[in-house]
*Asks:* 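Can you keep this structure in mind? I'll have questions shortly.
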Amino acid sequence: ANQKGGVGKTTTTINLGAALVETGRKVLLVDFDPQGSLSVGLGINPHTLNQSVYNLLLSREYSFDEVVLSSAIDGMDILPANIDLSAAEVQLVSEVARELTLKRVLDRVRDRYDFILIDCAPSLGLLTVNALTASDKVLIPLECEFFALRGVAMLTDTIAKVQDRLNADLELLGIVATMFDSRTLHSREVLARVLEAFGETVFHTVIRRTVKFPETTVAGEPITTYASASQAADSYRMLAREVLARCHAG
Ligand code: ADP
Ligand code: MG
């Protein structure tokens with residue numbers, strides 16, 4: 001989660017997911033952004049979907065198995081989304097236990113997967129609160145850009161409120177620095193400030209800026225298959241190892 005757009009949430013969800021699959025884990029990716037970028041990034045056209053995560057949230061007539069899709073990556077399933085999901089933000093407001101809606105959907109299938117990764121929308125609205133309520137851990141991507149830290153207090157405040165009121169089990173898994181450009185002093189300075197502010201919470205793995213990531217979106221596949229031998233792919237494999245270590249330690 002990060003209410004800022006363009007910080008690498010979707011890229012991290014897809015590629016961390018794919019890297020976890022390479023270690024033999026079974027992974028479900030949940031597209032929880034009405035933009036449907038995660039779905040697009042895995043080669044799914046959101047406009048042509050007959051059903052999506054929206055239907056699971058708001059109707060009892062659909063089963064998980066009717067909505068879930070298997071991706072081209074063996075062991076990785078996807079719960080797709082499209083613009084319909086933006087209506088859920090409004091419609092959920094009048095539901096009983098509106099913050100628990102996604103949790104109810106996912107609790108039924110969580111024993112089928114080793115990891116369920118939820119790609120949040122760039123907002124702190126009801127959809128993101130649903131995602132935080134359904135989760136054991138939250139991972140925050142932060143871009144190595146000037147205003148990266150702006151808004152993080154609001155995000156951690158939302159996380160604290162969800163911990164207090166809805167999901168006492170929620171933990172901050174870590175912060176991952178993205179879009180790092182080692183050639184610029186600026187990027188190095190921002191990274192230093194992030195480390196200063198968050199210390200050990202920050203993953204050792206830093207995701208560098210490379211055009212390979214936008215390319216994967218066009219290709220509709222993760223970096224781990226699109227450019228398997230690249231440094232970019234390896235960085236998400238390293239992140240996956242760190243995530244596994246933190247999950248097992250916790
Ligand atoms: P968010 O989901 O937070 O809005 P995205 O993952 O969609 O962010 O990334 C925003 C844009 O930046 C996308 O076009 C994506 O391809 C690109 N991008 C993501 N990570 C990187 C990176 N490490 N280097 C270069 N471009 C990236
Ligand atoms: Mg996104």
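Remember, it's 1-based here, ligands and their atoms both numbered in the order they're listed.
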*Asks:* Could you verify whether a donor N or O on one side chain and an acceptor N or O on the other, from Ser63 and Glu66, lie under 3.5 Å apart?
*Replies:* yes
*Asks:* Can you give me the closest heavy-atom contact between Val129 and Leu124, atom names plus distance?
*Replies:* CG2-O, 4.0 Å
*Asks:* So that I can tick it off, tell me whether Lys4 and Glu143 are bridged by a salt bridge, with the cut-off set at under 4.0 angstrom between side-chain N and carboxylate O.
*Replies:* yes
*Asks:* With a cut-off of 2.8 Å, which protein N/O/S atoms are close to the Mg ion (ligand 2), if we only count those under it?
*Replies:* Thr10 OG1
*Asks:* Hey, is Asp164 close enough to Lys161 for a salt bridge, meaning N to O under 4.0 Å?
*Replies:* no
*Asks:* Hey, are Arg104 and Glu99 close enough for a salt bridge, meaning a charged N less than 4.0 Å from a carboxylate O?
*Replies:* no
*Asks:* Determine, using ring centers only, whether Phe32 and Tyr54 are less than 6.0 Å apart.
*Replies:* no
*Asks:* For residues Leu79 and Val67, determine if any side-chain heavy atom of one lies less than 4.5 Å from a side-chain heavy atom of the other.
*Replies:* yes
*Asks:* Any salt bridge linking Lys26 with Asp77? Criterion: basic side-chain nitrogen under 4.0 Å from a carboxylate oxygen.
*Replies:* yes
*Asks:* Considering only heavy atoms, which protein residues lie less than 4.0 Å from any atom of ligand 1?
*Replies:* Gly5, Gly6, Val7, Gly8, Lys9, Thr10, Thr11, Met179, Ile207, Arg208, Arg209, Thr210, Phe213, Pro214, Thr217
*Asks:* Is there a side-chain contact between Lys137 and Cys247, using heavy atoms and a 4.5 Å cut-off?
*Replies:* yes
